[in-house]
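Just so it is clear: chains get the letters A, B, ... in the order the sequence lines come, proteins before strands, and each one is counted from 1. Just so we're clear, the structure is a prediction, and the values are computed from it rather than from any experiment.
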Amino acid sequence: MSDDSKALNFIEHIVEEDLANNFPKEQLRFRFPPEPNGYLHIGHASSISLNFGLGLRYNAPVNLRFDDTNPAKEEQEFVDAIKKDVKWLGYTWDTERYASDYFQQLYDWAIYLIKNEKAYVDNQSSEEMAAQKGTPTQPGTNSPNRDRSVKENLALFNQMKNGEFEEGTHVLRAKIDMTSSNMLMRDPIMYRVLHKAHHRTNTDWCIYPMYDWTHGESDYIEQVSHSFCTLEFAMHRELYDWFLDQVYDAKKVRPKQREFARRNLSHTVVSKRKLAQLVENGVVDSWDDPRMPTISGLRRRGYTPESIRNFTETIGIAKRDNLIDVSLLEFQVRNHLNKVAPRVMAVLDPLKVVITNYPEGEEEWLDAENNPEDESAGSRKVPFSREFYIEKEDFREEANKKFFRLKLGKEVRLKNAYIIKAESCTKDTDGNIIEVQCTYDPKSKSGSGTEESLRKVKGTLHWVSIKHAVEAEVRLYDRLFTDESPDTHKDKDFLEFINPDSLQVIKGFLEPHLKDAKIGDRVQFQRLGYFCVDTDSSSEKLVFNKTVGLRDSWAKIAEK
RNA sequence: UGGCCCAUGGUGUAAUUGGCAACACUCCGGUUUUUGGUACCGUCAUUCAAGGUUCGAGUCCUUGUGGGCCAACCA
């Protein structure tokens with residue numbers, strides 16, 4: 001998976017440098033630390049690939065750690081979903097950890113800080129504390145409670161822990177520097193009172209540690225050597241280090257925080273909060289709606305773990321702002337599915353064709369190759385008869401030379417079958433073409449080896465015998481947002497850019513063996529794209545999702 | 001008015017740490033093809049700007065310009 005010949009990203013350079021400076025390779029340890037307050041998305045995939053990729057590269061353990069310090073937002077449902085997604089992506093964690101496992105240790109350390117006069121209880125309102133905080137250009141002022149005695153702080157903190165105070169009335173603060181140019185160093189809050197049940201510790205605690213107090217210490221407890229997070233935490237590093245300094249034992253590994261830029265994908269949002277809004281507002285059906293950029297949404301859409309991993313590898317890791325074009329993601333699914341997806345025929349916008357010189361009532365089962373990219377995939381039989389469907393857009397009464405498909409008086413090959421010639425067509429009262437009459441060349445059967453079968457005709461069409469067709473619901477997806485970067489407009493909310501046509505549900509006609517398709521099966525509808533069987537599918541009602549279309553150079557020609 | 005981070009083709013990353021700007025995608029053009037798919041070939045940047053150091057600068061220095069981040073009892 002990690003190829004030594006491949007260029008290193010800046011994170012890997014940092015690790016290499018540490019190794020070169022005699023950091024013991026056996027002490028390398030990483031972690032992936034999601035908060036269980038939502039589902040993982042494509043942005044997390046980068047972080048997952050980075051951390052687990054590092055683990056694979058250096059044969060080092062990687063912990064899955066849930067950053068569960070806020071019981072108001074976190075749920076077991078999310079823990080389960082996150083574990084499922086990481087596994088599905090193909091990664092294995094060393095141990096499953098929870099920040100909540102460390103509540104007692106964190107509490108003990110907090111007492112230690114109080115005793116060292118590095119922390120104090122503040123019982124001002126949040127408004128008062130905010131006022132004292134100052135601004136980025138103006139220093140803050142000290143809290144009147146900053147010089148409380150150790151004894152008093154200990155007593156108050158104990159009361160906080162024992163549930164004697166209401167939420168919002170008391171906090172424990174680190175005593176650092178109210179004049180620091182880094183706002184986070186202006187006596188940050190370590191603990192707040194929250195009378196809420198936690199999904200793991202239930203009501204054991206009513207004081208909960210804040211992120212900054214928890215994260216670095218958790219890394220330290222787990223002896224994580226390198227702690228990678230996104231750029232918005234860069235300013236937190238100073239605080240991360242300060243908290244570590246308070247408890248650090250020089251004989252142990254001292255975790256190092258470094259930051260990388262979060263990956264932004266075009267035409268979507270990559271923020272748990274905003275994705276949650278899409279679900280709550282009913283813009284999509286669920287977190288795993290196939291239009292969502294969540295791991296579960298991509299899975300349901302038909303993406304493979306390999307394609308997502310290859311995507312994260314090709315987009316890399318860096319520190320600059322970015323907006324990754326979805327085409328890089330789409331390329332990876334096509335690339336993988338091209339190798340593994342069986343080819344089948346399906347008509348999504350049917351036009352009836354009748355072969356006037358083909359015997360009525362007769363049918364033939366023709367050989368069809370399952371995958372030209374994979375000989376071992378073998379072949380199957382497809383039924384052919386006098387009446388079948390082709391796509392409406394594959395027929396025109398007349399068209400110019402660039403149109404290789406069926407037109408009156410011209411020939412076209414039916415994939416795996418015969419060469420046919422359009423003779424005439426019939427229309428309804430509105431002038432819509434409703435049927436095309438053709439003749440076929442009986443000697444032109446695919447694979448028969450006859451001179452006629454070897455004839456070259458410019459176009460080849462997919463088709464489905466009407467009598468044998470299996471019907472299915474087919475869900476076609478378009479990008480969720482009309483703007484390539486919907487959440488970067490100062491004057492407009494991202495919800496204003498919702499694409500109203502992101503989902504189109506149609507009826508498709510499939511070749512018969514597809515009636516046994518199972519949920520999750522991925523196939524290529526030839527000439528159309530890759531599709532997979534949706535979780536809503538059943539034996540009574542087949543449901544397919546369009547994963548991604550094939551590259552379509554005809555569409556580009558047709559536009560001109 | 002402060003602090004921190006960043007700047008390489010249309011997009012995303014590289015560049016043996018000072019030595020011929022590379023890879024993938026996209027776009028455009030072509031070859032092959034019983035998928036207008038796949039595969040294959042080709043075109044597309046003197047690295048934000050201006051100075052400086054150097055035999056030599058994407059890489060180091062200075063200044064400027066542009067962008068992002070920083071004041072939740074969120075993570």
Side-chain angles (χ1 to χ4, degrees), chain A residues 6-9 13 33-35 37 67-70 72-74 122 125-126 129-130 133-140 167-173 180-184 186 189-194 207-208 210-212 214-215 229 231-238 259 261 263 266 272-273 310-311 313-332 334-335 338-339 343 345 369 372-373 402-405 412-417 419 446-447 453-462 524-529 549-558:
Chain A
K6 136 183 175 297
L8 303 184
N9 62 46
H13 277 297
E35 182 190 10
N37 67 340
D67 233 331
D68 56 349
T69 57
N70 185 357
K73 293 184 176 175
E74 297 147 7
D122 202 339
S125 69
S126 57
M129 288 195 279
K133 199 120 197 185
T135 70
T137 53
Q138 283 176 306
E167 288 187 12
T169 60
H170 292 71
V171 292
L172 183 72
R173 289 228 256 170
S180 172
S181 59
N182 183 349
M183 299 292 289
L184 292 161
R186 325 247 259 224
I189 292 171
M190 294 170 66
Y191 276 94
R192 76 284 214 190
V193 173
L194 246 31
I207 54 171
Y208 289 91
M210 301 288 287
Y211 165 84
D212 288 297
T214 309
H215 204 92
C229 58
L231 240 28
E232 59 268 31
F233 290 97
M235 300 301 290
H236 293 247
R237 188 151 111 198
E238 192 180 357
E259 311 82 19
R263 266 58 269 279
S266 73
K272 265 192 257 182
R273 205 193 96 244
N310 288 341
F311 170 71
E313 196 167 306
T314 55
I315 62 173
I317 292 287
K319 293 185 81 168
R320 55 178 125 141
D321 294 328
N322 57 82
L323 182 61
I324 298 157
D325 199 290
V326 269
S327 65
L328 299 229
L329 216 208
E330 291 174 343
F331 166 78
Q332 296 296 164
R334 287 198 194 97
N335 198 34
N338 175 50
K339 306 254 175 356
R343 314 292 138 119
M345 293 197 286
E369 193 180 23
E373 303 290 314
K402 287 187 172 171
F403 187 80
F404 302 161
R405 285 111 109 129
V412 87
R413 164 130 244 147
L414 292 177
K415 180 79 182 170
N416 305 313
I419 292 173
S446 290
S453 74
L454 268 14
R455 280 169 53 211
K456 299 287 177 201
V457 287
K458 202 74 174 141
T460 301
L461 306 186
H462 62 277
Q524 183 196 93
F525 288 174
Q526 284 179 110
R527 302 210 304 136
L528 297 176
L550 260 22
R551 277 185 66 220
D552 190 355
S553 45
W554 163 243
K556 288 163 194 161
I557 297 167

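Residue A:Asn322 places its side chain closer to B:G12 than to any other of B:G12, B:C70, B:A75. Distance from the side chain of A:Met235 is smallest to B:G3 among B:G12, B:G3, B:G67. Listed nucleotides B:G36, B:U35, B:A71 differ in distance to A:Gln526; the shortest reach to its side chain belongs to B:U35. When the nucleotides B:G2, B:A39, B:U17 are ranked by their closest atom to the side chain of A:Asn335, B:A39 comes out on top. Of the candidates B:A75, B:A24, B:U38, B:A24 carries the atom nearest the A:Phe331 side chain, counting heavy atoms from C-beta on. Comparing B:C4, B:U35, B:A75 by their nearest atom to the side chain of A:Asp67 picks out B:A75. Distance from the side chain of A:Ser327 is smallest for B:U26 among the nucleotides B:U26, B:C74, B:U35. The side chain of A:Thr460 has B:U34 as its nearest neighbour among B:C73, B:U34, B:G37. Residue A:Leu550 has its side chain nearest to B:U35 when only B:A75, B:G36, B:U35 are considered.
Taking the ring centroids of A:Trp554 and A:Phe404, they lie at or beyond the 6.0 Å cut-off.
The gap from the P atom of B:C40 to that of B:A24 amounts to 10 Å, rounded to the nearest Å. Rounded to whole Å, the separation between the P atoms of B:A15 and B:G29 comes to 34 Å. B:C23 sits 23 Å from B:A57 when the P atoms are compared, rounded to a whole Å. Annotation: B:C28 and B:G64 have their P atoms spaced 43 Å apart (nearest Å). Distance noted for atom C1' between B:C61 and B:G18: 14 Å (whole Å). Annotation: B:A49 and B:G30 have their P atoms spaced 35 Å apart (nearest Å). To the nearest whole angstrom, the two P atoms, one in B:A21 and one in B:C27, are 28 Å apart. Atom name C1', nucleotides B:G10 and B:C4: the rounded distance is 31 Å, in whole Å.
A:Arg320 contributes no side-chain N or O that forms a donor-acceptor pair with the base of B:G68 under 3.5 Å. Interface remark: the A:Gln524 side chain does form a donor-acceptor pair with the B:U35 base, using a distance-only criterion of under 3.5 Å. One N or O donor and one acceptor, one from the side chain of A:Ser446 and one from the base of B:U34, sit under 3.5 Å apart. Residue side chain A:Glu373 reaches the base of B:G37 through a donor-acceptor N/O pair under 3.5 Å, judged by distance alone.
Applying the 5.5 angstrom centroid cut-off and the 30 degree plane-angle cut-off, the aromatic ring of A:Trp554 is stacked upon the base of B:G36. An aromatic stacking contact links A:Phe404 with the base of B:G36, defined here by ring centres under 5.5 Å apart and ring planes under 30° from parallel.
Residues A:Ile207 and A:Arg192 have side chains not in contact (no heavy-atom distance under 4.5 Å, counting atoms from C-beta outward). At least one side-chain heavy atom of A:His462 sits less than 4.5 Å from a side-chain heavy atom of A:Leu528. Within the 4.5 Å cutoff, no side-chain heavy atoms of A:Asn37 are placed close to those of A:Arg273. Contact of the A:Ile315 side chain with the A:Leu329 side chain is not registered, since no non-hydrogen atoms from C-beta on lie closer than 4.5 Å.
Base engagement by A:Met129 is indicated by at least one non-hydrogen atom pair under 4.0 Å involving a base atom. Within 4.0 Å (heavy atoms only), A:Gly140 reaches no atom of the nucleic acid at all. When heavy atoms are screened at a 4.0 angstrom cut-off, A:Ser126 is found touching base atoms of the nucleic acid. Counting any heavy atom pair closer than 4.0 Å across all strands shown, A:Asn70 reaches sugar-phosphate atoms only and no base atom. The residue A:Lys415 sits close to a base: some heavy atom pair falls under 4.0 Å. Residue-level contact check: A:Arg413 touches the bases, meaning some heavy atom is under 4.0 Å from a base atom. Here A:Asn416 lies in heavy-atom contact (under 4.0 Å) with a base. Looking at heavy-atom distances under 4.0 Å, A:Gly459 makes no contact with the nucleic acid at all. Within the nucleic acid shown, A:Arg237 has no heavy atom closer than 4.0 Å to any nucleic acid atom. Backbone-only engagement by A:Ala318 is indicated by non-hydrogen atom pairs under 4.0 Å involving sugar-phosphate atoms exclusively. A:Lys456 comes within 4.0 angstrom of the backbone, heavy atoms only, and of no base. Within 4.0 Å (heavy atoms only), A:His215 reaches no atom of the nucleic acid at all. Using a 4.0 Å heavy-atom criterion, one finds that A:Arg343 contacts the bases of the nucleic acid, with or without backbone contacts as well. Counting non-hydrogen atoms under 4.0 angstrom, A:Leu323 reaches the backbone sugars and phosphates but no base.
Across the protein-nucleic acid pair, A:Arg405 atom CZ and B:U34 atom C1' stand 15 Å apart, rounded to whole Å. Atom CD of A:Glu313 is separated from atom P of B:U13 by 15 Å (rounded to the nearest Å).
A:Ser180 and A:Asn182 share no side-chain donor-acceptor pair at under 3.5 Å.
For the pair A:Ser181 and A:Ser453, both in contact range of RNA chain B, the more 5′-proximal nearest nucleotide belongs to A:Ser181. Both A:Lys133 and A:Thr314 sit near RNA chain B, but only A:Thr314 has its closest nucleotide nearer the 5' end.
Residues A:Gly459 and A:Val412 come closest through the heavy atom pair O-CG2, 3.4 Å. Heavy-atom minimum distance, A:Asn322 versus A:Arg320: ND2-O, 3.1 Å. Of all heavy-atom pairs between A:Asp67 and A:Pro33, the closest is OD2-O, 3.9 Å.
Regarding contacts with the backbone of B:C6, a side-chain N or O of A:Lys319 is found under 4.0 angstrom from either OP1 or OP2. At least one side-chain nitrogen or oxygen of A:Lys556 sits closer than 4.0 Å to the OP1 or OP2 atom of B:C27. Phosphate proximity of B:C74 to A:Arg192: present, with a side-chain N or O under 4.0 Å from OP1 or OP2. The phosphate of B:G3 (OP1 or OP2) has no side-chain N or O of A:His236 nearer than 4.0 angstrom. Between A:Thr69 and B:A75 there is a side-chain polar atom (N or O) within less than 4.0 angstrom of OP1 or OP2. Contact between the side-chain N/O atoms of A:Thr137 and the OP1/OP2 oxygens of B:G3 is not found at any separation under 4.0 Å. Between A:Arg551 and B:C25 there is no side-chain N or O to OP1 or OP2 distance below 4.0 Å. Distances shorter than 4.0 Å separate some side-chain N or O of A:Arg527 from OP1 or OP2 on B:G36.
By the 30° and 60° cut-offs, the orientation of the rings of A:Phe233 relative to A:Tyr211 is tilted.
For B:C20, there is no paired nucleotide, since no Watson-Crick or G-U wobble pair has both relevant distances below 3.5 Å. Across all strands shown, B:G58 has no partner, as no Watson-Crick or G-U wobble contact with both distances under 3.5 Å is found. Under the Watson-Crick or G-U wobble criterion, with both distances below 3.5 Å, B:G2 is paired with B:C70. Both distances falling under 3.5 Å, in either a Watson-Crick or a G-U wobble arrangement, occur for no nucleotide opposite B:U46. Pair check for B:A7 finds B:U65; Watson-Crick or G-U wobble, both atom distances under 3.5 Å.
Taking the charged nitrogens against the carboxylate oxygens, A:Glu369 and A:Arg343 have no contact shorter than 4.0 Å, which rules out a salt bridge.
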